[in-house]
Q: 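I'd like to ask you about the structure that follows.
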Protein chains: 2
Amino acid sequence: MCFMERGYSATSIDDVARRLGATKGRIYHHYPSKADLFADVFRTGMQFSFSSVEPLSKGPERAIERWKKMARAHATGMIRTRAFQRVVWEGVELHLKGATTPEQRDSLGRLIAHRERYARLFRTTIEEARRDGDMQFSLTGIAEELMFSALNSPVFWYSPRAGETDSDIKELVDQIVSFALRGLGGKEGSKNE
Amino acid sequence: MCFMERGYSATSIDDVARRLGATKGRIYHHYPSKADLFADVFRTGMQFSFSSVEPLSKGPERAIERWKKMARAHATGMIRTRAFQRVVWEGVELHLKGATTPEQRDSLGRLIAHRERYARLFRTTIEEARRDGDMQFSLTGIAEELMFSALNSPVFWYSPRAGETDSDIKELVDQIVSFALRGLGGKEGSKNE
DNA sequence: GTCTATATACTGATAGAC
DNA sequence: GTCTATCAGTATATAGAC
């Protein structure tokens, strides 16, 4: 499933096949419909994010430091896989509107549940940070939306500059995470690492 | 041009005509293509935002208070016209990718210029606030993107609750603006008004 | 100016040869 | 399992009657 890192929705299934170096027949042999293809891609992407962030939430550091690492990993992932993330965004917007066939309900349901589990990683870590006195807020629904809006935003506005290094991206990510942290009401303590 | 406040892209031109109470012929009599229709709608929406925010940038208050009013007006507008804004977003994403016909280049160019003027309203006001000592940051490109990401975000996550009052929305907007202000590094001074 | 066909092109999905 | 047709539906856009 490593094939598509650029985009398929709003680009036809013919395009997908072409990029894969094959034809539609192959795709429809594996997936009954385009929506199912999308669900699989979406799930793969979510699992990738989850498995890169989840370990960070269990580290030995203070909760706020764990949150910072998680947020950095998330934002960095968004930048690195932005083309993919855009497609996911588009697909979610599309399939959430379209009256999903009843048979695809639980497929969509599982996807949403997975996203919820992912959000919970951040929520519980922030709750710990609040108990540590490093955050003034608990993560209400709105605050959570605002936090992810900031961390996800580079998906839409980032575009690589010529000769950009990894350390440039690291600095970019630091700005994003700092913005979100300050926004949430956290203290921007010592620069670790 | 008051006709569409909900959505037209990804909903066909037939739908637009139906909602207008007419047929395709009329639309194609006024606009040479769907892209031109979109450009006109987009421009109208931008001018609406601009004309509601621009006066606020010229008030007598301290710059940071003007910025707060501007940000509140912007966020409130995003919530109130979220369906429209979603369509605009979708259309921009679509038309920015598609190899625009050379004849529509300057149409798109003017649109981008208008958006740039709008962003400048916020930038100059924040610059003044920085000189007043109320902001630590000047508004770099990244900070600007993050700010608008936060202020625009309710377009995607807000949905009205049953029995929601204007004052509920006001509180919501306050949370959004506070998040953005803190994120930018501003002091969250006295609650005015 | 507005409506009713209709041309043209593209998409998701299917059937059947190999 | 993979490819080559091909169907059916829908979209933008156009031509011509009124």
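Residue numbers begin at 1 in each chain, while the letters A, B, ... track the order of the sequences.
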Q: Output the distance between atom OG1 (A:Thr140) and atom CE (A:Met147), rounded to the nearest 0.5 Å.
A: 11.0 Å
Q: Within this structure, what is the NZ-to-C1' distance between B:Lys34 and D:dT10, rounded to whole angstrom?
A: 12 Å
Q: For B:Asn152, which of B:Arg82, B:Gln85, B:His74 qualifies under side-chain hydrogen bond (donor to acceptor under 3.5 Å, both in side chains)?
A: B:His74
Q: For B:Arg123, give me all partners under side-chain hydrogen bond (donor to acceptor under 3.5 Å, both in side chains), at least two apart in sequence or on another chain.
A: B:Glu116, B:Glu144
Q: Measure the distance from CD1 on A:Ile13 to P on D:dC7 and round it to the nearest whole Å.
A: 20 Å
Q: For A:Asp14 and C:dG12, give me the distance from atom CG to atom P, rounded to whole Å.
A: 8 Å
Q: Report the distance from atom CG of B:Asp36 to atom P of D:dT12, rounded to the nearest whole Å.
A: 14 Å
Q: By side-chain hydrogen bond (donor to acceptor under 3.5 Å, both in side chains), which residues pair with B:Ser153, not counting sequence neighbours?
A: B:Trp157
Q: Please verify the inter-ring angle class for A:Phe50 with A:His114; under 30° counts as parallel, over 60° as perpendicular, anything in between as tilted.
A: tilted
Q: Can you label the angle between the B:Phe38 ring and the B:Phe42 ring as parallel, tilted or perpendicular, going by 30° and 60°?
A: parallel
Q: Sort me out a list of protein N/O and nucleotides 1-3 of chain D N/O pairs below 3.5 Å, or just none if empty.
A:
unit_1 : atom_1 : unit_2  : atom_2 : d
D:dT2  : OP2    : A:His30 : NE2    : 3.4
D:dC3  : OP2    : A:Thr23 : N      : 3.4
D:dC3  : OP2    : A:Thr23 : OG1    : 3.2

